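The structure presented is a predicted model; accordingly, all values stated were derived computationally and were not measured. Chain naming here is simple, since letters A, B, ... match the order of the sequence lines and numbering starts at 1 in each. For the numbers below, each heavy atom of this structure counts, side chains included, while hydrogens, waters and symmetry mates do not.
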Amino acid sequence: MAKQKTPSAPARTKKERDAATEKKIVMLATDVAKRSLAGNEPTVRVPTRTKSNTLWNKKKGILQMGPAAQERGLFNLSQAKSFMQTMLHSSSIKDLIAAEKTLSLRGMFYKGLHTVAGTKEKTFADQDESDGILEDLEVSLAALREELHIFAKKAGTMVGNITIIDSGDEIDCRRMGSGGYAIPSIVEPDVIKFKKCDAKFVLHVEKNTVWSRFNEDRFWEKHNCILTEGGGQPPRGVRRLLRRLNEELGLPVYCLLDCDPWGHYIYSVIKQGSISLAFESERLAIPDVKYLGIRASDYRTCGLSDDVQIALNDTDIKRAKEIAAYPWFQGHKGWQREIDGMLNNGFKMEVESLITKDISYVTETYVPQRLKAKDWLD
Amino acid sequence: MAAKEAVAVAEPKKKSATPKVDAESMATRQRDISVSEFFAKNRHLLGFDNPRKAMLTTIKEAVDNSLDACEEAEILPEIAVIIEDLEPTRPASAKSSRYRVTVVDNGPGIVRKQVENIFGRLLYGSKFHRLKMSRGQQGIGISAAGMYGLITTGRPMAIFTKPKAGQPTHHIELAMNTKTNRAEVTFDKEVKDFPPDRLRKLSAGTRALAEQSGFLTATEFPTGTSVSIELDGKYQRGRGSVDEFLELTAIANPHARIVFVPPTRVTEDDEPDVLTAAEASAAAVAKVTTETNGVIVFPRGVHELPRETKEIQPHPKGIELGILLQMLKDYEATEKGGTLFKFLQDCFCRVSASTASGMCEAIGLTSRTKVADVGPPQAEKLFKVFQESKLAPPPTDCLAPIGVRQLLAGMLKGVRAEFYAASSREADVYRGRPFQIEAAIAFGGELPGDETARVIRFANRVPLLFQQSACSSFKAVSETGWKNYNLSQPRGGIPVGPLVIMIHMASVWVPFTSESKEAIADYDEIRKEMKLALMECGRKLGTYLRKRQRMRREGLRRDVFERYIGEIAKAVHAIMGADPKAIYDALLEQANARTAVADQVLDEDGQVIKDEDPSGPDDDGVLIVHEAIAPAVAQLSSTPFAPLDFGNGSKKQTSKVGAVGKSSASTQAGSKSGSKSTTRAKSKADSAASPKRTAKQAPESAARAELRARAAKAASRKPGSGKPSNDGPRLF
């Protein structure tokens, strides 16, 4: 039922948000200047993005960032460089806001990249360094990435019974051919608006290959849904879009992921947020997302052959136990059984393993059966 | 003792000479072997193995005797060593040549009737029978040198000796008769001139020196002895050379002034490595010593004689049973009817009246028992009692250690490093003989970083140049865990790095492995003390190295901060328009304050380096810089947190210093005496004011001066305690 809900944040104009972001950056720089001139160490307060500072909000069913923060100081040998980089990126972002342009993460890396005066040292060793600093800035400034005029590369596809408006262009997701609509990094209402939605639910699959199978079989048409994929761990754009579909259009979201610790973690991230982006859980997490499969028991119930088994290695076992111990999985009997089942099996299974039954087994039998039987993990 | 062994060695030779003879005919051939004859045949035992070593040993024996004599007569030693080339026209390929070696001292001289005995007999001397610290021990040295000269050239030894000021000088020439172990006087005359005038006019160098500051003047040598020996020898620089010996002697005897006149012609060296090493060490010495036309002067570093040493009686635990029996016999012979009680007290140290009577009772005798009545069984019992009884260790006032300050002064003179440490152990005892170990180390500076450390060894202030690996000190060095002090050390070996290790053993009787006195025997007690002394130095070095590393780290830190400050100032300016210069300056000031350790420690430890840092002030090409930072900056490229490389850093520095150092040495040579005295006064004031020198010295034109001041400061720190030490005479 496409039931319109009100967005979580009060809609502000782009201009207002830009002004607010710019103000934050100026405040940051002013603080550095003041402290410097007063003979104090200039610092930037960066909330800690670690597991120890991630809190499980049981009531909301999401992960949230704790109160811990690190004072990043210039006169700390291990932080001096990142302090400098933080200032460089702050300056770059101000430029972007002034120019009313956005840059990709890679673009930001290049914007900040130059040789430190009088040395042979580059300001950023690689893009990873730059990306980390930008995530730090997001939390430090309490601004979203899009508010900083930064986007990530597109990594997600959508097709289905929905028409959207992307930056003014109307896009009918029913007519996307075999490639599908590439989900952009920024999917906020000022970029993407939902125009017309007939779909009753969203089916999110782990990767593109599986998604292609569903698209070719026109699963979304037969079952009146929206079909998305996130290229493994879904990026923020995909997660935000799923959340908006769920929250604003009231569509239930079902996941079809591999039966391995990685698949389990993807579900966990979609459902309650990730550790590194715990500060964004409020607008990314979908607490009522359902895990449709693959289940450990499918090996038996679907009568799969031995050939589909991929043995669990030590890392997998360790990871599975870690996941089982997460507070948000710990008290969940279904999930404890599921992880135990996988460990007892001693092997993992990919969604593609169902192809051994029949090319379209997954689209014609597996998923419809599960949906009908409401056989999923919550 | 040596004589006994000699006979024992010689005996089998005799018997195997002619087989199938009866005891009678053998008896006709059995006769006494003169000690001199024995050593004439076995001259390698005394260090005359080859022409080069013979030359060295001759000089060594003469110099040792001179120093001993001067010290015993409490005269500050003034010694001249002169080598004359008597065959200057020989072909370049000659393996050896004829030289005349002359050693002149300002010692007490020798009375006429003793001359033959001292110079003409082996195993004759004042030092063998007593337990007193001296360089010579057996009484073999100089007479053996004379004998060697006689054997190789047929020329007698020429002696000039003046035992009393104002009295005539004896000029005697001696040829030793090896059969009789007696000297034959071939020339005996009283002359007026001492030191011999001939020597002053020997070469351009000596004439120049005589004009400049006086050379072998009668006022400097009111009494004294001059010994000349002609010998077949070889003069060649390098390891184990006369130059090295004198250099090391100067290190261990800072109270002596030594003038060395080398021969005008040096044997071409067939081992170029050795030559470069020698040149390097000669160059190192040249910083302190002056050289005019080839004449090298090792100046006096301290004006106090070493502490006067006392002769001691043997310690009961340090003798053997046979010796005890002999002592009893001798005592009976001199003190007819003397009691055992008295014998014990008279002939041994650390035996009091109560200990003596206790010992008498312990062997079933009374304190009134006469020595004559002590039979061999009682003597044996007495010997056992000696071993079991609790006795204080022998007194140590018989030892005259070099002292921490003097060690440092000596090392500073001879080795151009950046860090020096010395330690002087408390006296200990081996086989009832007191001994004392001292060690010093020099690190960094111009020392080569990739070679094994150089170990220089001394026994009673005499350098030991040969048989390093047989020496107890060598074992002590290898057994010390240098890795604990941030040095690299191949397993069970000598550490590798820019390091010189000096070990000195002072003892009333140094246990050498052979008569040529080249290596110290490996007694556990000795080695243990050596290790402890080395560890003490090592700990200081380790602390220094850690400090230096910390300085480097701080330097690095500062450098990192400074690099980023500019970027930050620019970014802040771009965001909110603040004055980038003001922010830059404010942050720079903070960075410097926060890394102040880098400067602080440098000043305190006085790193002296000349640097070509273009940003710094550069008055005269000489500058004292923050060494820790300079190489670090040079090494920094794209990897700011690269691990510190010690070896590279110090090497880099080495070459720099070398280049600048030479020029400063030459500019300094002219005004040597003047500038030195002012430095002395300055460093005295410095160390008097406080042991921890805090004031940063302004760059001085003479880098040398800083080095000296540094040594004074270092010397004023007592090992471990950090307080100024009071033992030993002042360095300056």
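- The parts of B:A582 that come within reach of chain A are both its backbone and its side chain, each placing non-hydrogen atoms under 4.5 angstrom from that chain.
- Contacts with chain B were tallied for A:V32, A:T30, A:T123, A:T86; A:T30 has the most, counting heavy-atom pairs under 4.5 Å.
- Within the 4.5 angstrom heavy-atom criterion, no atom of A:S92 approaches chain B.
- In this structure, the portions of A:E41 lying under 4.5 Å from any heavy atom of chain B include both its backbone and its side chain.
- Contacts of A:H114 with chain B are made by side-chain atoms alone, with heavy-atom separations under 4.5 Å and no backbone atom involved.
- When each of B:E589, B:M576, B:H573 is scored by its heavy-atom pairs under 4.5 Å with chain A, the top score falls to B:M576.
- Here CG of A:L37 is found 5.5 Å from CD1 of B:I583. Values are rounded to the nearest 0.5 Å.
- Contacts with chain B were tallied for A:A98, A:G39, A:A125; A:G39 has the most, counting heavy-atom pairs under 4.5 Å.
- The CD1 atom of B:I568 sits 8.5 Å away from atom CG of A:L88, with the distance rounded to the nearest 0.5 Å.
- Within a 6.0 Å radius of CG in A:N313, other residues, nucleotides and ligands contribute more than 12 heavy atoms.
- Note on A:S91, A:P42, A:S90: by heavy-atom pairs under 4.5 Å with chain B, the leading option is A:S91.
- Looking at A:E22, A:K94, A:M27 one by one, the single match for side chain to side chain contact (heavy atoms under 4.5 Å, CB included) with B:I575 turns out to be A:K94.
- In summary, the aromatic rings of A:F83 and B:Y564 are positioned with their centroids too far apart to meet the 6.0 Å limit.
- Contacts between A:D95 and chain B at a heavy-atom distance below 4.5 Å are absent for every atom of the residue.
- The shortest heavy-atom contact between A:S36 and B:A586 is O-CB, 3.4 Å.
- Atom CZ of A:R35 and atom CG of B:L587 lie 11.5 Å apart (nearest 0.5 Å).
- B:Q590 places a side-chain N or O within donor-acceptor distance of the main-chain N or O of A:N40, the cut-off being under 3.5 Å.
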